[in-house]
Protein chains: 2
Amino acid sequence: MMASSGTGPRRVTIDDVARAVGVSRQTVSRALNDKGEIEASTKQRVLDAALELGYRPSRFARGLVRQDTTSVGLVIPDLLNPFFTEVAAAALEAARARGWHVVVYDTGDRVEEERGTLEVIASQVDAVVGYLTLPEDEIDKLTRGLPVVLIDREQRAERFSAIRIDGEAGVHAAIRHLVDAGHRHIGMLDHAARSEPSIRHTWFDAAMSACGLDSGTVSRADQSIEGGENALERLLAEHPDVTAVFTFNDIIAIGALRAARRLGRQVPQDLAVIGFDGLRLGTLVEPPLSTVALDTRELGALAVEEAGRLLTRSGPLSHDEAAVKAELRLSGSA
Amino acid sequence: MMASSGTGPRRVTIDDVARAVGVSRQTVSRALNDKGEIEASTKQRVLDAALELGYRPSRFARGLVRQDTTSVGLVIPDLLNPFFTEVAAAALEAARARGWHVVVYDTGDRVEEERGTLEVIASQVDAVVGYLTLPEDEIDKLTRGLPVVLIDREQRAERFSAIRIDGEAGVHAAIRHLVDAGHRHIGMLDHAARSEPSIRHTWFDAAMSACGLDSGTVSRADQSIEGGENALERLLAEHPDVTAVFTFNDIIAIGALRAARRLGRQVPQDLAVIGFDGLRLGTLVEPPLSTVALDTRELGALAVEEAGRLLTRSGPLSHDEAAVKAELRLSGSA
DNA sequence: TTGAAAGCGGTACCAA
DNA sequence: TTGGTACCGCTTTCAA
């Protein structure tokens, strides 16, 4: 006989177990939760019956009554992008330290998926941490008061907490380094996704003029290795005199490295490359990548920390605390 | 004034909102869930009050009554290990397609963390998918009837569903390829974590003898790039005549590539290297890695599929279906 | 040691 | 359009 409402067999409840053993449900509860106040033999009979019947307590019922367990949603555009892999790993680690559960959502770089995720997430988690691209008012509408921590939101976040990446000094140091090495024609591979130039681009421009150079030539790259390859090829085709490039991130930089090799340009002799992020991956390529590096573990940890503060209403991080610094880390490519 | 039981302010319930507006809780529920049967003005008043009071519905209470939403736990040893990154991304994608939520646990390669995770997971998810290292009876004890799908469990899983990696033919093809290229002294870098040789090692031995060669020399490597570097150095120090190596996985192979470069051995001329897994990362290194490749997306998808079958009791995948084939993919390194 | 009853915070079904 | 009531499945008092 099938039971109930279409969604497969009715679930086995604590009452079923109690009935089978001929005890009350409290007794079952005691047995299952290793409370004392129960005779060993009774406990064993309950446990046996529970196993027999395939009983498993409802997490909702349990969660409803003992209000512990907090879980946060982690929303990222693409887990296979090493930057987000590192951030996710860091967030998982920080959450584990607090005994939190992390529900991960990979939106696959699609806005509709981000929207869909936010729509459904409110009923699943106590707070959201994420790299979100939707406008703030839309996020607000979808999350309805759920604590939200934005990661690396370039536009100043007005209504939400955010962990910023402060790479201004790092980028300045990077350009200064290139200039000191004699480079005069420095290009940038910015990322193409957004309509306006990135903040990193702004930092680049400022650093260039601080070094007395005209603003460099810029090519836009998809956030992928192929994107970096294509962008560098375009840049060099139009401006063959460029001898150094700064890139929006390490992924693009690695693409640039590959393109340079293909074009027969030796790095760093013929072309110097400096990335941004400081990914582990950058240490594996040849030559190892010079980059404006940030501590992704700290980034993830801060985001989780801030979520915790919002949850306990213990006051958000200060503007300065809510940022990770990115600093120049020289290696083989520049 | 602080309220109640130490765990911060008492939560705002639907009754609080109802009271504030002067309606019943059902009316509040209707307003919040966009049901019809409510006057627009009433709805607005409710929504305003809810926002005002900072009301957010309890996911437990809601989940308790409408028994939809399934969530699975994904347990992996190390998200930063690219193999698991790919598997996780694949699992997330497959889960998203079904509207499932995925709670991710990174045990950091520590058994105690794996145990702790399993202990707590039963009350959080409807099923577990994971790369688990604990013995089956212990997993059984900790998960107590929760559907469990093991990924790439080398020992034949008796009590649990598992998705296997079938690389026997692929490894055979790899060794055959090396032999055809003239290699006679072929080594293997197996992984060091477990006490017994891996199945991949077994395949290697079988392939070697099928090619009429004595079983190759083996060095054991930690599952990391450094591990691969060290292991290759040891192997070549003891057996300088080795001209080709097969490795437990791509990570170790990439380490081997780096060590070879450092030792002044040209790849593939002086040393041929073939990995296992077919990671995206392998295409980025120089030379690009030849490898016995499997489809990690399929691996993740199958695991989720199997979890779904267990959940709906619709019969597990057959032994053949529950495996992904790994096949030789030649590239620059061999 | 065991059981009865009262919630936990919602939604669904009915009657008003 | 609204409200009353039962109930989802479990744990926590409090009596027995």
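Residue numbers begin at 1 in each chain, while the letters A, B, ... track the order of the sequences.
- Counting only N and O atoms by type, the side chains of Ser71(A) and Arg59(B) include a donor and acceptor under 3.5 Å apart.
- A heavy-atom distance below 4.5 Å is found between the side chains of Thr85(B) and Leu80(A).
- If you check dT2(C), dG3(C), dG9(D) against the side chain of Thr42(A), the one that comes closest is dT2(C).
- Residue contacts shown for Arg56(B) are limited to sugar-phosphate atoms, with no base heavy atom under 4.0 Å away.
- If you measure from atom CZ of Arg11(A) to atom C1' of dC7(D), you get 15 Å, rounded to the nearest angstrom.
- For dG3(C), the OP1/OP2 oxygens have a side-chain nitrogen or oxygen of Thr27(A) closer than 4.0 Å.
- If you measure from atom CG of Asp15(A) to atom P of dG3(C), you get 13 Å, rounded to the nearest angstrom.
- Separating the CG atom of Asp68(B) from the P atom of dT11(C) is a distance of 11 Å, rounded to the nearest angstrom.
- Using a 3.5 Å distance cut-off with no hydrogens or angles, the side chains of Gln44(A) and Ser41(A) do not pair a donor with an acceptor.
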Going 5' to 3' along nucleotides 11-16 of chain D, which nucleotides have protein heavy atoms under 4.0 Å from the base (write B), which only from the sugar-phosphate (write S), and which from neither (write -)?
BB----
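- Across the protein-nucleic acid pair, Leu64(B) atom CG and dG10(C) atom P stand 12 Å apart, rounded to whole Å.
- A 4.5 Å side-chain heavy-atom check between Tyr105(A) and His101(B) finds at least one atom pair inside the cut-off.
- Side-chain contact check for Thr70(A) versus Val125(A): every heavy-atom pair is 4.5 Å or farther apart.
- A sub-4.0 Å separation between OP1 or OP2 of dG3(C) and a side-chain N or O of Ser24(A) is present.
- Separating the CZ atom of Phe60(B) from the P atom of dT11(C) is a distance of 15 Å, rounded to the nearest angstrom.
- Salt bridge present: Arg19(A) and Asp16(A) bring a charged side-chain N and a carboxylate O closer than 4.0 Å.
- Atom CD in Glu39(A) sits roughly 11 Å away from atom P in dG3(C) (whole-Å rounding).
- Electrostatic pairing of Asp34(B) and Lys43(B) counts as a salt bridge here, judged by a charged N lying under 4.0 Å from a carboxylate O.
- If you measure from atom CZ of Arg59(B) to atom C1' of dC8(C), you get 14 Å, rounded to the nearest angstrom.
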